[in-house]
Amino acid sequence: MDGRVAVVSGGGTGIGAAVAGVLAGDGYDVLIVGRRADVLANTAERISAGCGRTDAVTTVTADLTDPGQLGRVLAAIGDRRVDVVVNNAGGYLGGDTGTLAGTAAHWRANLDANVLTAVLLTEALRPALRRPGGRVILVSSIAAQRGGAGAYSAAKAALHGWAYDLAAQFGPEQITVNVVSPGYVAETEFFGARMTAEGHAKRVAATLVGRAGVPDDIAEAVRYLASPAAGYVTGQVLGVNGGSVLGR
């Protein structure tokens with residue numbers, strides 16, 4: 001695995017940090033991208049120390065909704081090939097939807113955060129993807145499959161259709177494209193102060209396995225899709241949700 005490179009957006013906390021950790025542990029040089037320099041730096045230091053490789057994880061501070069900032073990622077990659085791109089940036093963004101202008105702003109914000117970040121990062125790195133053998137992985141949500149979160153549900157669902165197009169484009173070059181769709185995952189910043197004990201219990205009760213997910217559950221799914229073992233898997237949505245939504 002020496003010299004293999006992975007780029008993880010939204011890599012400072014939660015699922016992104018867990019993904020960075022497992023990939024760094026597998027020997028990848030991991031570049032994590034996010035908007036908070038201090039959070040990224042702390043995560044990079046912790047993971048690098050844990051796997052015993054100085055600078056196993058490096059950082060780029062960038063807002064991936066801004067095309068002008070993608071050059072920072074390209075500068076950090078230099079002339080290296082990129083083996084894995086994990087598009088994890090995003091989240092549920094609230095807003096005032098009491099007016100048409102507020103509704104438009106709310107939808108644009110969610111589409112930008114969850115779709116445009118993935119599109120711009122992937123397109124920026126397209127020339128650098130390893131051929132053959134590259135991997136593009138999109139982190140979606142159970143909300144894309146069952147609804148319930150308005151603009152966020154729609155934005156995550158958009159990733160699925162786009163992933164199918166990308167898989168067709170990249171297939172002849174032996175680059176795979178897949179989606180990981182998490183269910184309820186605790187120990188992240190996603191819900192913030194919105195999560196209550198009742199909400200947690202309701203989400204756990206909706207699973208078949210009787211527990212909340214944790215970031216490592218999602219990271220292990222990403223690890224599989226990034227590995228040579230998944231070379232014949234492309235254009236798929238892998239639900240990791242404890243049985244909250246059954247396969248379809």
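Computed from a predicted structure; not experimentally measured.
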CD1-OG1 distance between I32 and T59, expressed to the nearest 0.5 angstrom:
6.5 Å
V5 side chain near Y28 side chain, heavy-atom distance below 4.5 Å
no
Main chain of G133, side chain of R135: is a donor-acceptor contact present, judged purely on distance under 3.5 Å?
yes
Which pair of non-hydrogen atoms, one from A158 and one from V115, has the smallest distance, and what is that distance?
CB-CG2, 4.0 Å
Verdict with reasoning, V136 to T176, per side chain to side chain contact (heavy atoms under 4.5 Å, CB included)
CA-CA 6 Å; V136 177; T176 66; over 6 Å; no
Q169 CD: over 12 foreign heavy atoms closer than 6.0 Å
yes
In the single-linkage hydrophobic clustering (I, L, V, M, F, W, Y; side-chain heavy atoms under 4.5 Å), do V237 and F170 co-cluster?
yes
Identify the heavy atoms of W107 and A154 that sit nearest to each other, and give their distance.
CZ3-CB, 3.6 Å
I'd like to check L138 versus W162 (side-chain heavy atoms, cut-off strictly below 4.5 Å). Are they in contact?
yes
Is the number of heavy atoms from other residues, nucleotides or ligands within 6.0 Å of CZ (R130) greater than 12?
yes
Side chain to side chain contact (heavy atoms under 4.5 Å, CB included), that's the test. Do R131 and I175 meet it? Break it down for me.
CA-CA 7 Å; R131 293 164 170 83; I175 296 170; 3.6 Å; yes
Using only atom types and a distance under 3.5 Å, with no angle test, would you say the side chain of D29 pairs donor to acceptor with the backbone of A56?
no
Hydrophobic cluster membership, with links at side-chain heavy-atom distances under 4.5 Å among I/L/V/M/F/W/Y: are L120 and L74 in one?
yes
Please list, chain by chain and in numerical order, all residues satisfying ring pair (Phe, Tyr, Trp, His ring centres under 6.0 Å) with Y184, sequence neighbours excluded.
F191, H200
With clusters defined by side-chain heavy atoms of hydrophobic residues (ILVMFWY) lying less than 4.5 Å apart, directly or transitively, does V39 cluster with V7?
no
When you compare the side chain of L64 with that of L70, does any pair of heavy atoms fall below 4.5 Å?
yes
Please name all residues satisfying side chain to side chain contact (heavy atoms under 4.5 Å, CB included) with A109, sequence neighbours left out, ordered by chain then number.
L93
Using side-chain heavy atoms (C-beta onward) and a distance below 4.5 Å, is V222 in contact with V22?
no
Answer whether the closest heavy-atom distance between the side chains of T117 and S9 falls below 4.5 Å.
no
State, yes or no, whether a side-chain contact exists between I137 and V85 at a heavy-atom distance under 4.5 Å.
no
Euclidean distance, R203 CZ relative to N241 CG, rounded to 0.5 Å
13.5 Å
Between G148 and S153, what is the shortest heavy-atom contact and its length?
N-OG, 3.7 Å
Flag, side chain of N114 to backbone of G91, donor-acceptor distance under 3.5 Å:
yes
Polar side-chain atom of S181 near backbone of S141 as donor-acceptor pair, under 3.5 Å
yes
Heavy-atom side-chain contact between P215 and V185 under 4.5 Å:
yes
Using the rule that Ile, Leu, Val, Met, Phe, Trp and Tyr join whenever any side-chain heavy atoms are under 4.5 Å apart, tell me whether V30 and Y224 fall into a single cluster.
yes
Is there side-chain contact between I218 and V19, with at least one heavy-atom pair below 4.5 Å?
no
So, for G25 and C51, which heavy atoms are closest and what is the spacing to 0.1 Å?
CA-CB, 4.5 Å
Transitively linked via ILVMFWY side-chain contacts under 4.5 Å: I77 with V119?
yes
From CA spacing to verdict: side chain to side chain contact (heavy atoms under 4.5 Å, CB included), V60, L31
CA-CA 7 Å; V60 167; L31 178 68; 3.6 Å; yes
R4 bridged to D26 by N-O distance under 4.0 Å
no
Reported OG-to-CZ distance for the pair S48 and R53, which is rounded to 0.5 angstrom:
7.5 Å
For D55, does the CG atom have more than 12 heavy-atom neighbours from other residues, nucleotides or ligands under 6.0 Å away?
no
So how far is it from D83 CG to L23 CG, rounded to the nearest 0.5 Å?
10.5 Å
Start with the C-alpha gap between R211 and D217, add the side-chain angles, then the distance that decides, and say whether side chain to side chain contact (heavy atoms under 4.5 Å, CB included) holds.
CA-CA 12 Å; R211 70 169 178 88; D217 291 319; 2.9 Å; yes
What is the distance from atom OG1 of T234 to atom CD of Q236, rounded to the nearest 0.5 Å?
7.5 Å
Least distance between heavy atoms, K156 atom then A89 atom
NZ-O, 4.4 Å
Side chain to side chain contact (heavy atoms under 4.5 Å, CB included) partners for D63, two or more places apart
R35, T65, Q69
What distance do D66 atom CG and D112 atom CG have between them, rounded to the nearest 0.5 Å?
10.5 Å
Of all the heavy-atom pairs spanning R72 and T61, show the shortest one and how long it is.
NH1-O, 2.8 Å
Donor on one side chain, acceptor on other, N87 and T122, under 3.5 Å:
yes
